[in-house]
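Structure record follows, encoded as structure tokens.
Counting convention: from 1, in listed order, for ligands and their atoms alike. Keep in mind that this is a model prediction, so the values were computed, not measured.
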Amino acid sequence: MSKLVICDHPLIQHKLTFIRNKDTNTKDFRELVDEVATLMAYEITRDIPLETITVQTPVAETPSKVVSGRMLGLVPILRAGLGMVEGILKLIPAAKVGHIGLFRDHETLQPTEYYINLPTDAPNRLLVVVDPMLATGGSAIAAITALKKRDCEHIKLMCLIAAPEGVKAVQEAHPDIDIYIAALDECLNEKGYIVPGLGDAGDRMFGTN
Ligand SMILES: O=P(O)(O)OC[C@H]1O[C@H](OP(=O)(O)OP(=O)(O)O)[C@H](O)[C@@H]1O
Ligand SMILES: O=c1cc[nH]c(=O)[nH]1
Ligand SMILES: [Mg+2]
């Protein structure tokens, strides 16, 4: 079974409080999501491999570690996932970025795919699917399925807020995928929104409604 990692560093919890607040404006919402994505990037990269090289300091030659192995790819789920990309790229500037466009039908809550564009070497990369919200799990499951269909095997999922229903659904559909979240909320309401959540992430990020 995959890991569920809750990234509850005090700074992340603090920023999440302002992200949740309905009175936080679009500009601040965007900046806070960007900052939390940077902080979470620290956690999603905790287990990436290192190799030892030799470095000459001004004082002595010494063995020292550098990142090695599989390169990273970020795959935001449009639209709201876009808001997490820059924050991660600040720490991992060499990552490539693919995009998956999905929208959730307001009645059925089923995701519809409308766009996909991945780096040609995506199957060789560790892909991190990013989306602020994991509600029913339908969108994340569809995104991961779309990646697996294109021969991508090394995938993690990173979300800000998850409902228990969404975590369970992803774990059942894709038991090989580790999930990283900043908060595990209470439940979904009758409209499929996360409670207490933050409302509609895409609308809050881009000022639409
Ligand atoms: O887990 P689920 O039940 O699938 O819900 C989560 C999805 O809903 C939101 O996107 P939305 O469909 O609102 O699209 P948008 O980002 O374009 O607003 C969110 O950003 C996720 O992609
Ligand atoms: O609470 C929710 C659930 C799905 N999508 C959102 O943007 N918010
Ligand atoms: Mg939306």
task: Give the minimum heavy-atom separation between Asp47 and Tyr180, together with the two atoms involved.
output: OD2-OH, 4.2 Å
Atoms in ligand 1 flagged as close to [X], the criterion being non-hydrogen separation under 4.0 Å:
{"X": "Ala80", "answer": "16 (O), 20 (O)"}
{"X": "Gly138", "answer": "1 (O), 4 (O)"}
{"X": "Asp200", "answer": "13 (O), 18 (O)"}
{"X": "Phe103", "answer": "12 (O)"}
{"X": "Arg104", "answer": "2 (P), 3 (O), 4 (O), 5 (O), 12 (O)"}

Subset of ligand 2 atoms that lie under 4.0 Å from at least one heavy atom of Ala135: 3 (C), 4 (C)
- request: Within a distance under 4.0 Å of any heavy atom of Arg104, pick out the atoms of ligand 2 and give their elements.
  value: 3 (C), 4 (C)
field: Full working for side chain to side chain contact (heavy atoms under 4.5 Å, CB included) between Thr54 and Thr62
entry: CA-CA 6 Å; Thr54 303; Thr62 182; over 6 Å; no
field: Nearest option to atom 19 (C) of ligand 1, as decided by whichever heavy atom of Thr136, Ile194, Asp131 sits closest
entry: Asp131
field: Options Ala135, Ser139, Gly137, ranked by nearest heavy atom to atom 7 (C) of ligand 1, top entry
entry: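 Looking at heavy atoms only, the winner is Ser139.
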message: Heavy-atom pairs closer than 4.0 Å: do any link ligand 2 to the side chain of Ala201, the backbone, both, or neither?
response: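 Answer for Ala201: both.
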Contact (N/O only, under 3.5 Å) between Gly199 and ligand 2: yes
- prompt: Would you say ligand 2 has an N or O under 3.5 Å from any N or O of Ile194?
  reply: yes
field: Within 6.0 Å of NZ in Lys90, more than 12 heavy atoms from elsewhere
entry: yes
Asn209, CG: over 12 other non-hydrogen atoms inside 6.0 angstrom: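 No, CG of Asn209 has 12 or fewer neighbouring heavy atoms, counting only those of other groups under 6.0 Å.
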message: Under 4.0 Å between a side-chain nitrogen and a carboxylate oxygen: does that hold for Arg20 and Asp185?
response: yes
- prompt: Do the charged groups of Glu43 and Arg46 touch, with an N to O distance under 4.0 Å?
  reply: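 Yes, charged N to carboxylate O under 4.0 Å.
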field: Heavy-atom gap Leu109 to ligand 1 smaller than 4.0 Å
entry: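 So Leu109 does not count as touching ligand 1.
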- prompt: Is there a heavy atom of Gly197 sitting under 4.0 angstrom from any atom of ligand 2?
  reply: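 False for this residue.
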Report yes or no: do [X] and [Y] form a side-chain donor-acceptor pair below 3.5 Å?
{"X": "Thr208", "Y": "Arg79", "value": "yes"}
{"X": "Arg70", "Y": "His154", "value": "yes"}
{"X": "Lys148", "Y": "His174", "value": "yes"}

